[in-house]
Amino acid sequence: MSHIIALHEADRRCGGKAAGLGALSRDGIATRRVDTLSGSEGIAIPPGAVILDASRDGWKDELLETLPDLGPGPYAVRSSWLEEDGHETSFAGQLRTALNVDQTELLDAVDRVAHSLDARSTAAYAARLNKPSADGVTVLVPVLVQQMVDPDVSGVVFTNHPVTAELQCVVESIWGLGDRLVNGSVTPERWVIPHDQAALDHATLEHGLPEPVLTAHDARAIAGLALQAEAASGSPCDMEWTLADGILWVLQSRPLTALNAAGRESPLRAPLEGSMPGVVPSAGPSVSPRGGEHEVGTLLVTGTPASPGRAAGAVTVVPGLDDFARFRTGDVLVCSTTSPAWTPLLARASAVITETGGILAHAAIVAREFGIPTVVAAEGAMNLLASGDHVTVDGSHGVVTSYPLKESHP
Amino acid sequence: MSHLSDPSLRVLHAVRTLGYADTDRIAAKAGMENNSAAVPDATEHLLAAQARGWIMWTAFAGDGGWSLTEDGKTHGERLLAAELDAIGARSGVSAVYEDFLPLNVLVARACTEWQLTELDVSTDPVSLTATLEALQRGAEALESLEIRLVAHLNRFAGYRSRFLHAVGQAATDPGWITSTERDSAHRVWFELHEDLIATLGLTR
């Protein structure tokens, strides 16, 4: 029996990652030439080989024979085990990946990744394969080996908005490698393309970067690719891609589930009314009927919900360490990002709004510790909001509005 | 050979990484609890740094602490950069930082998922056991990073043992995961992150 499966033939026994890419490849979606991307020569999946079970003899020779089909290396060695296959989450996935592996290290790297399941996932995996999950049984995961792609741009695309679940494609991208996209150290460029307009030349830049990453054209092409994958698989998808030398490489494609979405930007459930200091009663998400007045207030800025609840207060914009004295207890802290020095301010704030970061940012963790509503990645907040403005911060939905008791902004 | 920074830099850098702390915590962080009479103690270094506008003392509701000014941050980064290049450790520490980033995601996510579960707003609640397992994995990986860091710079010693202590305590008191009032897992981790960022002169 063969121990190695070519990526384009991969099915479920090869693990979720390889199976997803194999399906894309067989559907012909990610292997065609296109001219929609600016300067692009096509869409491709890096050729790959899946080692089904590294505990069986013979896989090493077979892999070495396959290598010429993959490319000269260095290689990316990844577990093909996706979180929806079990309980592992994607951050653990990063630990189960070896990048830039050259030929001399390849067999060792495959062996290590194959043994990367922890005990809990081993049990889940064994159960799925209808194997007895007795203690001490070693279960190896399928391992995907591919030629390494050195990215100019990396990103993800969701065919449904991961926060609002609206029918729109969201394309997030950054320069270089994609790992910083999820660790909160950078805020990605974000394009939003409604499904019904995907066929038209229509894309909205929801969050730009000083150095633009994608053109509207590129974003639309990537969204189009993801929508084709969705149509082929029958479910919304979450795709990781990379642009290198004008080629759009698809690195991963999987069904978009609540679990996946929660791993990135989770919409926090309804606010915890009254359970937090400074929380005001919810006035509902839309306009009050009374006299047609905007009782809820005007939308000022939006971002990623990071700590739940609603609170109202006066804004103090704090650009840096020398401006701490401006801040008064109960203020809404508006800043770019925070370091440990900011903890005393967060302790006294009624709410926090930061321009950068994600739900995993240290600022978000500290703010949740203090139980104060927080919105992160609120682009332009330091310019859009001024010290003294009275605002309501909805940390469950990532929305900042003018406080209704004060006259609305024009 | 592990390098021990100059005392005045140790004190200034302790203010940077702790963010906001009283003199005792800074002295302990700077490794200056047991001074000989010949060494000016941490208080003198702090007062000297204050006089030069590098740090400030603020008090909130009876509780006071030292924190950095922008000048102090700039000055500290200059000293740290000079030290890093003088001992030839820039590429070594940069490599550790790259390995740190995925771990940072692991730890931040474990803290986040636990908090969201405790706040009852999680779409996918996690157990304390799973959270501690993830943090434990972070601690295990931190061990080799710390060894690599300490080979260059002595001040990186101790993060792992403090982190492990917090994770151990959290089994009976989950407050040790993210509390800001004690040496919790997240506080130690946040401090290490700040230390690396400061040492390499990066922005968050």
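Order of the sequence lines fixes the chain letters, A, B, ..., with proteins taken first and strands second; residue numbering starts at 1 for each chain.
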Does the distance from a Lys or Arg side-chain N to an Asp or Glu carboxylate O, for D323(A) and R326(A), drop under 4.0 Å? yes

Could you tell me whether R155(B) and E83(B) have a side-chain N and a carboxylate O separated by less than 4.0 Å? yes

Decide, yes or no, whether a salt bridge links R52(B) with D71(B) under the criterion of side-chain N to carboxylate O below 4.0 Å. no

Taking every non-hydrogen pair under 4.5 Å, which of E70(B), E118(B), R16(B), K73(B) racks up the most with chain A? E70(B)

Start with the C-alpha distance between H165(B) and W176(B), add both sets of side-chain angles, then the distance that settles ring-ring contact (aromatic ring centres under 6.0 Å, His included), and finish with yes or no. CA-CA 9 Å; H165(B) 175 259; W176(B) 281 90; 5.3 Å; yes

One option among Q115(B), E191(B), M56(B), R187(B) has the most heavy-atom pairs under 4.5 Å with chain A, and it is Q115(B)

Output the option from G72(B), G65(B), A108(B) having the highest count of non-hydrogen pairs under 4.5 Å with chain A. A108(B)

Side chain from CB out, backbone as N, CA, C, O: work out which of these in T17(B) comes under 4.5 Å of a heavy atom of chain A, or both, or neither. backbone

Crowding at CG, D150(A) (>12 non-hydrogen neighbours, <6.0 Å): no

With only heavy atoms counted, which part of I177(B) is less than 4.5 Å from chain A, the side chain, the backbone, both or neither? neither

